[in-house]
> 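Have a look at this one before I ask anything.
First the proteins, then the strands, lettered A, B, ... as listed; each starts at 1. Just so you know, these numbers use all the heavy atoms, side chains as well, and skip hydrogens, waters and symmetry mates.
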Amino acid sequence: MALLNDTSTQFSPWTDRSATPLIRFDGVTKRFGDFTAIDNLNLDIYPQEFFALLGPSGCGKTTMMRMLAGFETATEGEIWLNGAQIGDVPPNKRPVNMMFQSYALFPHLKVWDNIAFGLRRQGLPKNQIGPRVEEMLRLTRLEKFASRRPDQISGGQRQRVALARALAKAPKLLLLDEPLAALDKKLRQDTQFELMDIQERTGTTFVIVTHDQEEAMTVASRIAVMDHGKLVQVDTPDRIYEAPLSTYVADFIGDVNLVEGTVTAIDGESCTVAFAEGQPALNVISETRVEMGQRVFLALRPEKVCVGATAEKNTQNALTGTVTDIAYTGNVSTFHVTLASGHVIKAQASNGRRLSRRTINWNDRIVLSWTDTAGVLLKK
Amino acid sequence: MNKRRAILIFIPFAWLLIFFAVPLFMAFKISLSHSVTAIPPYAPTFGLSEGWAGFKDALSRLTLDNYRFLISDSLYLKAYLSSVGVALKATILTLLVGYPMAYGMARATPQTRMVLLFLVILPFWTSFLVRIYSWIGILSNEGMLNQLFMFLGLTDGPIKMLNTPFAIYIGIIYAYLPFMVLPLYATLEKMDLSLNEAAMDLGCSRPKAFWLVTVPLSLPGIVAGCFLVFIPAIGEFVIPTLLGGSSKLMIGKVLFEEFFSNRDWPLAAAVAVVLLLLLVVPIVLFQRSQEFEQNKELQR
């Protein structure tokens, strides 16, 4: 995950103040009757980004995409594309193409003609359409299927035709509406990498709508987590995962332990949080500014909690509890550990040993331990 | 299993045989007879009273004279041609009126859709004849339409509409509109709206998207609707008689006159058989070509 972050030439135009965004949402609100789908939203998306809009169904992510494509107009606010307002520009006049969730391939046209459709409308001369279509067929490895009709190819191939058709006109911006939802898991994972590869090779800005957090984490350079028409957090995948700004984001992305407690001591960035009587206070080092006596949540990822007969070395927190549940998923096991106070803490360990040699079992008394930097403090 | 299937197929097959094939065969046989003043008004008749020899004798007296007569008298050819012409034009006009209706219905909200569907079917609840008669009241010189025009000062005197080809077209379009709208609606309603959005996204204006996506995809509905209008319109008798008067020669009217006025059953039967062939042959050819296309695609 976060493949873009381990290179020396880091791609992060959003940190560069001089960079000009390709897309700008400026105070955009969209209402359908009484229902507010998008609520006063501001967002910049930069050229060559792979940007993911992530959220539960009904959060407004599809509406945002449809506004970019031109199928919906904003009730209030302005949308800018490449330095020009696009509010009144009809879909067929925008340098934007969309890959539909249903793929929306024309059933009466062959694969070749589906891909050529946009080029023909553009009025491109015939001798330029052919090579461009061939190029797209090569890019999506569809050469063999050019003369088939959409109902004569598989779901994965249809998905690639939809992508090729949307990319054929070399749009400034490609919108992908749940592009992989119809594929099975294995194919989806392969296709995710294919998408990233194609995005990199074409240098097109991609905006993807998805409700699958793993998909967003894999492909995106930045993720916008949405809820009820508002952006909850816009950040890189690792920041979204490691440094969520709210319990909503922490809970939506991956698995998390949320422990509610009160701040009892503060020393610079480190503080202690008491969460239950008879349990030791927790030591946390967090960027979040908190005050004495404030109610806070400690968000702690299960894989950052160690389980064992004794506390791990160099950990600043240790709690004792009983194993009440073990979820075995092959590569990892998740232990549900119930504390004396009734709190259930999830801890994840990779299965370095075969299952028959596992040392921890149901009803064992074990110690949970983690470092003071493992979790983050959240105010809401 | 096979036995059950055979029984299952036998029932509709027997139905078709008794109520469709047998009468058709009888009409064909009558078309090979000649007219006589008797009951029934044609000869020869087949009976078992004279045994095998009588049957053979009757068979030998069947002739193709009626068909020869159809060819020799240009009246019939003219009637066929003008019927096909009227039916063709009326079908195209019905398509032009029906397509927007079906399109509007398919794009309406589900509740409105039901109401509109009901309205399309509603005319069937009253007699066809009554509905055509009421058009006389609308189109005649003293009719509602002329009175309205004169009231609005659009014309000084009445415009002659009844007993003109115009009235025939109005009648056919009115009467057969549901047969056009319903199959069109069925195909348009199924259509994925994101296809139109995709076409617009790829650079089509709204009309262009309609022409390049909606129309080709609704082709099965267009073909079905056109057949459902064209076929009965060719043989239409009531509408040209009541609304068209003597303004247009149509084969349905010729058939009626041969049968009831001239009491020439054999010639009327010959007219009907030729009409049937005129309709069936193109349809069979059309279906063959479609099957051929499909097979060709499957083989690829």
> Out of curiosity, A/D177 CG to B/E197 CD, how far, rounded to the nearest 0.5 Å?
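Going from the CG atom of A/D177 to the CD atom of B/E197 covers 10.0 Å.
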
> What option among A/S102, A/A69, A/G70, A/P90 has the most heavy-atom pairs under 4.5 Å with chain B?
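Top option by heavy-atom pairs under 4.5 Å: A/S102.
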
> Using heavy-atom distances under 4.5 Å, tell me whether A/R94 contacts chain B through its side chain, its backbone, both, or neither.
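Neither the backbone nor the side chain of A/R94 comes within 4.5 Å of chain B.
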
> Please flag which part of B/A199 lies under 4.5 Å from any non-hydrogen atom of chain A: side chain, backbone, both or neither.
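For B/A199, the contact with chain A is made by backbone and side chain together.
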
> Is any side-chain heavy atom of B/S205 closer than 4.5 Å to a side-chain heavy atom of A/N92?
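Sidechains of A/N92 and B/S205: in contact.
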
> Answer yes or no: does atom CG of A/D88 have more than 12 heavy-atom neighbours from other residues, nucleotides or ligands under 6.0 Å?
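Not more than 12 within 6.0 Å, no.
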
> If you count heavy atoms of other groups shown closer than 6.0 angstrom to CZ of B/F20, is the number above 12?
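No, not enclosed.
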
> Give the member of A/K93, A/Q122, A/R165 that has the highest number of heavy-atom pairs under 4.5 Å with chain B.
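Looking at each option in turn, the highest pair count goes to A/R165.
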
> Checking A/L109 against chain B: side chain, backbone, both or neither under 4.5 Å from a heavy atom?
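No part of A/L109 comes within 4.5 Å of chain B.
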
> Is atom CZ of B/F10 surrounded by more than 12 heavy atoms (other residues, nucleotides or ligands) closer than 6.0 Å?
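It does not: B/F10 CZ has 12 such atoms or fewer within range.
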
> Looking only at non-hydrogen atoms, find the nearest pair between B/L195 and A/P107 and report the distance.
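Nearest heavy atoms, B/L195 then A/P107: CD1-CD, 3.9 Å.
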
> So does A/R24 have more than 12 non-hydrogen atoms from other groups sitting under 6.0 Å from CZ?
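Not buried by this count: 12 neighbours or fewer within 6.0 Å.
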
> Can B/L212 and A/R121 be said to form a side chain to side chain contact (heavy atoms under 4.5 Å, CB included), step by step?
CA-CA 11 Å; B/L212 287 175; A/R121 302 292 85 74; 3.4 Å; yes

> Any chance CZ of B/R107 has more than 12 other-residue heavy atoms, nucleotides or ligands included, within less than 6.0 Å?
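Yes, the 6.0 Å shell around CZ holds more than 12 heavy atoms from other groups.
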
> Just wondering, are more than 12 heavy atoms of other shown residues or ligands nearer than 6.0 Å to CZ in A/F32?
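Atom CZ in A/F32 is crowded, with more than 12 foreign heavy atoms closer than 6.0 Å.
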
> What option among B/P216, B/A209, B/G203 has the most heavy-atom pairs under 4.5 Å with chain A?
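Top option by heavy-atom pairs under 4.5 Å: B/G203.
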
> Which value, rounded to the nearest 0.5 Å, describes the distance between A/Y103 atom OH and B/D192 atom CG?
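A/Y103 OH to B/D192 CG: 13.0 Å, rounded to 0.5 Å.
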
> Kindly give the heavy-atom pair with the smallest separation between A/M98 and B/D201, and that separation in Å.
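So the two residues come closest at N-OD2, 2.6 Å.
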
> Any heavy-atom pair between the side chains of A/F106 and B/L202 that's under 4.5 Å?
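The answer is yes, as the side chains (C-beta and beyond) meet within the 4.5 Å cut-off.
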
> Just wondering, are more than 12 heavy atoms of other shown residues or ligands nearer than 6.0 Å to NE2 in A/H211?
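Atom NE2 in A/H211 is not crowded, with 12 or fewer foreign heavy atoms closer than 6.0 Å.
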
